[in-house]
Enquirer: 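Pasting in a structure now, in structure tokens, and then I'll have a few things to ask.
Computed over heavy atoms, backbone and side chain alike; hydrogens, waters and symmetry mates excluded.
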Protein chains: 2
Amino acid sequence: MGLPRSCLLQGDITDSERLTGRGSSSARTLYDVAREAGVSTATVSRVMHGQEGVRPSTRRRVLEVIEALGYVPDSSAQSMARRRKEVVGLVAIESRGPQTEIEHEGLLFIEEVLRGVESSLSSLGWPVLISVRRAADDAGDYQWLQKISAKVDGLLIAEGIEPPEDLARLAARIPVVLVSGSPDERHADVVHADNRGGATAVVRHLIEQHGKSRLYYVGGPHEAPDARQRRGAVEEEIARHPGVRLTGSFEGRFATVSGQLAVREILAARQLSDRGDAVPDAVVCANDQMALGAMRELQAAGIRVPADIAVTGFDDIYLGALLAPPLTTVRQPMRRLGERACDLLLDRIADPALPHRVEQLPTELVVRESCGCHGPAAGPA
Amino acid sequence: MGLPRSCLLQGDITDSERLTGRGSSSARTLYDVAREAGVSTATVSRVMHGQEGVRPSTRRRVLEVIEALGYVPDSSAQSMARRRKEVVGLVAIESRGPQTEIEHEGLLFIEEVLRGVESSLSSLGWPVLISVRRAADDAGDYQWLQKISAKVDGLLIAEGIEPPEDLARLAARIPVVLVSGSPDERHADVVHADNRGGATAVVRHLIEQHGKSRLYYVGGPHEAPDARQRRGAVEEEIARHPGVRLTGSFEGRFATVSGQLAVREILAARQLSDRGDAVPDAVVCANDQMALGAMRELQAAGIRVPADIAVTGFDDIYLGALLAPPLTTVRQPMRRLGERACDLLLDRIADPALPHRVEQLPTELVVRESCGCHGPAAGPA
DNA sequence: CTGTTAGCGCCTTCAC
DNA sequence: GTGAAGGCGCTAACAG
């Protein structure tokens with residue numbers, strides 16, 4: 001502690017033992033800096049954090065040593081001492097299913113959410129710890145979540161629902177916010193879009209503006225709350241219109257390939273009974289990726305969209321507007337979902353005692369051409 | 001320490017003080033478990049890690065307490081003790097520029113890389129710490145990198161090059177791998193695609209298969225090494241063909257809007273001189289996003305692609321095949337890039353003394369229709 | 001203004 | 001088999 005501090009009082013720092021940052025192989029600690037600068041660790045800590053009450057000359061000296069040694073505080077140690085990690089986690093559990101089309105599974109959604117999270121975090125400068133669990137072996141899920149949860153101050157969970165009791169246990173230990181989760185969830189805060197309103201709007205548009213009467217529904221996995229809401233709303237809206245019926249449906253996994261498979265079922269059914277009313281005049285999909293798959297498969301079979309069959313999606317991913325024909329869909333503010341979820345999470349991290357919150361964001365019908373409208377045309381019904 | 005261990009020997013765990021996980025408001029520690037189980041922390045630690053040398057009955061008892069208490073080891077403490085964080089970082093620095101079109105900047109690349117990283121990490125179960133720095137104020141960049149670097153065992157840096165000296169300092173403290181970085185970088189390992197080969201191939205295709213002779217180049221930011229390589233190769237290949245020339249070029253930022261801006265320049269120039277040879281017969285873009293922007297702007301101006309002007313991209317993002325016309329491009333294995341980069345990083349984390357490595361991955365010309373070929377047609381030149 | 005001194009929660013070597 | 005004890009690097013009182 002009482003080392004010859006004089007040895008680097010002014011500018012001759014580079015002379016003392018391997019100071020030039022060369023010896024960087026070994027990580028430097030607060031103690032190294034303190035010793036080298038001839039002060040206590042408390043002072044170095046104060047300087048590092050730009051706190052008041054340090055004589056300017058001392059501060060300068062310490063700063064020089066920090067710079068020379070290339071000192072960077074270890075974040076584990078900091079987290080431990082100040083009991084905060086300054087990291088939030090974003091996790092997604094991909095819906096189970098055959099390992100086809102891993103490529104473009106449901107990630108587009110997560111990625112958009114991630115942007116929102118990032119932007120909400122940018123002021124704080126906290127990074128995001130991200131982990132996607134694919135091909136889940138149910139049992140391991142909770143373990144994995146635990147492990148992640150130990151590395152962050154709070155967790156954002158998207159697209160994937162743990163057994164409620166697991167979620168409860170998790171949320172009891174650490175702040176958790178569900179992105180696009182069920183609004184009925186009582187164990188964690190939730191941010192979700194108005195899925196019912198959106199689904200109702202497309203279906204109504206198809207029926208009332210285009211006179212469609214034989215709808216086929218391509219839904220998402222039944223475990224996904226947003227998929228359940230959409231399906232429910234679609235069925236209800238159809239029921240509300242006499243003469244309109246659901247000719248069939250398919251449970252997909254929000255992947256492009258699901259849309260293709262659904263269409264194959266439709267085509268197969270057409271083969272069997274040649275009564276024209278077996279084939280739908282509109283295919284309503286629970287997300288854009290499946291709509292894309294459906295459209296391609298339809299077109300590949302020589303069926304025109306929307307002339308022969310209309311197709312609609314949900315989400316409004318970037319790609320939708322670029323397709324031929326441009327996709328009619330329901331816009332869900334994915335990015336905003338991420339932002340809000342992250343805001344709620346930060347609030348709760350700051351005060352874990354906060355009352356339970358659920359937030360719904362609006363959706364909006366985006367009419368393009370795949371429904372049968374043409375060009376930059378008519379608005380919603 | 002010498003607590004009445006008998007109180008929960010068998011199954012009456014739920015009786016001892018608030019064991020049922022209800023009191024979960026306060027985080028449990030190894031000590032809590034040890035005390036409750038009537039053993040030392042060392043034993044609990046052994047059990048947690050499934051180590052040998054623990055009497056089965058003891059193990060069971062400890063396990064029960066762990067379960068009952070909902071104990072999850074704190075990762076900061078673990079990191080500290082075992083001097084490893086089990087997290088790798090992925091960072092990107094978005095190229096500076098006007099804050100237009102933040103939406104779909106260059107992220108598509110990162111996201112694809114992320115998938116590779118994720119998959120390479122999935123066996124270890126390590127998560128990825130991700131942080132994108134936008135609207136960079138140069139000075140803060142290094143600070144920010146330092147902060148991130150303190151939270152991970154190794155860093156993957158994509159699309160964005162720090163001043164070399166900063167990189168050197170960073171890499172001296174912690175393993176760093178550049179994704180799509182300059183193969184000449186000596187301070188960190190690098191994984192990159194064969195940008196020169198790919199760029200050469202498209203240009204040659206345009207010239208030799210389609211007889212194009214007036215090329216316009218829409219490049220990426222000059223700070224990006226991959227952008228530089230592509231530009232260099234394009235120019236060289238043009239020079240190699242007498243009678244073919246570069247009618248102009250534009251320095252974009254890999255964003256959709258850059259492609260649009262570039263085309264506006266082309267159109268503006270056309271207004272001025274009405275000599276037909278002022279306008280290019282092909283627009284070569286340094287990535288698909290810019291090609292997309294260029295194509296849309298061209299089409300919006302009533303110019304047919306590829307009939308009037310051919311357009312090509314680079315990367316082969318998913319979207320490219322879905323455009324009208326489908327985009328001719330150069331496939332770069334982005335996902336694989338992420339995988340390999342991550343593998344190299346893990347190697348280096350395991351052994352920091354490893355020799356410096358640079359790895360090149362192949363690119364491949366993907367001929368579709370925007371170049372003038374039709375349907376699923378002819379291969380490369 | 002600056003230094004001393006406890007922890008933070010876990011791992012691990014070394015005794016018993 | 002199991003326990004005791006010394007770190008890991010930093011922060012935050014609490015004294016001077």
Side-chain angles (χ1 to χ4, degrees), chain A residues 1-3 5 26-63 65-66 69-86 146-147 149-151 153 173-174, chain B residues 1-3 5 26-63 65-66 69-86 146-147 149-151 153 173-174:
Chain A
M1 319 266 154
L3 283 206
R5 59 165 67 180
S26 63
R28 271 61 206 301
T29 76
L30 198 57
Y31 293 97
D32 296 326
V33 177
R35 176 164 17 85
E36 216 61 64
V39 299
S40 76
T41 61
T43 298
V44 178
S45 183
R46 291 190 187 99
V47 171
M48 277 298 296
H49 297 56
Q51 291 174 23
E52 305 281 288
V54 177
R55 188 183 304 154
S57 64
T58 308
R59 178 185 302 277
R60 196 174 337 113
R61 185 150 39 90
V62 172
L63 247 18
V65 175
I66 286 176
L69 285 170
Y71 167 69
V72 177
D74 180 82
S75 80
S76 307
Q78 288 184 313
S79 306
M80 203 153 165
R82 63 167 86 128
R83 333 185 93 258
R84 176 138 299 177
K85 305 188 168 62
E86 307 205 323
Q146 299 261 66
K147 219 176 145 189
S149 75
K151 295 180 192 292
D153 289 323
R173 270 200 334 100
I174 179 183
Chain B
M1 328 230 148
L3 283 204
R5 59 166 65 180
S26 64
R28 270 59 206 299
T29 77
L30 199 56
Y31 291 97
D32 296 326
V33 177
R35 176 162 19 82
E36 215 62 62
V39 299
S40 75
T41 61
T43 297
V44 179
S45 182
R46 289 191 188 102
V47 172
M48 276 298 296
H49 298 18
Q51 291 175 23
E52 307 280 290
V54 176
R55 187 182 305 153
S57 65
T58 308
R59 177 183 303 277
R60 193 172 341 111
R61 185 149 40 87
V62 171
L63 247 17
V65 175
I66 287 178
L69 257 53
Y71 167 69
V72 177
D74 180 82
S75 78
S76 308
Q78 291 187 143
S79 306
M80 200 151 167
R82 62 168 88 131
R83 333 185 95 258
R84 176 138 298 177
K85 305 187 167 60
E86 306 203 326
Q146 298 260 71
K147 218 175 144 188
S149 74
K151 296 181 191 292
D153 289 324
R173 270 200 334 100
I174 179 185

Enquirer: How would you summarise protein contacts on nucleotides 7-16 of chain C per nucleotide, using B for base, S for sugar-phosphate only and - for none, with heavy-atom distances below 4.0 Å?
Expert: BBBBSB----

Enquirer: Of all heavy-atom pairs between Pro73(B) and Gln78(B), which one has the smallest distance, and what is that distance?
Expert: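 Scanning both residues, the minimum pair turns out to be CB-OE1, 3.3 Å.
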
Enquirer: Tell me: NZ of Lys85(B) to C1' of dG9(D), nearest whole Å?
Expert: 10 Å

Enquirer: Shortest non-hydrogen contact from Thr43(B) to Val62(B)?
Expert: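 Of all heavy-atom pairs spanning Thr43(B) and Val62(B), the closest is CG2-CG2, 4.5 Å.
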
Enquirer: Please give me the minimum heavy-atom distance between Ile174(B) and Asp153(B), naming the atom from each residue.
Expert: CG1-O, 3.7 Å

Enquirer: Asp74(A) vs Arg83(B), test: salt bridge (Lys or Arg N to Asp or Glu O under 4.0 Å). Steps then yes/no.
Expert: CA-CA 10 Å; Asp74(A) 180 82; Arg83(B) 333 185 95 258; over 6 Å; no

Enquirer: Specify the closest pair of heavy atoms between Tyr71(B) and Met48(B), including all atoms of both residues, with the distance to one decimal.
Expert: CE2-SD, 3.9 Å

Enquirer: What integer distance in Å separates Arg61(B):CZ from dG1(D):P?
Expert: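 Going from CZ in Arg61(B) over to P in dG1(D) covers 15 Å.
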
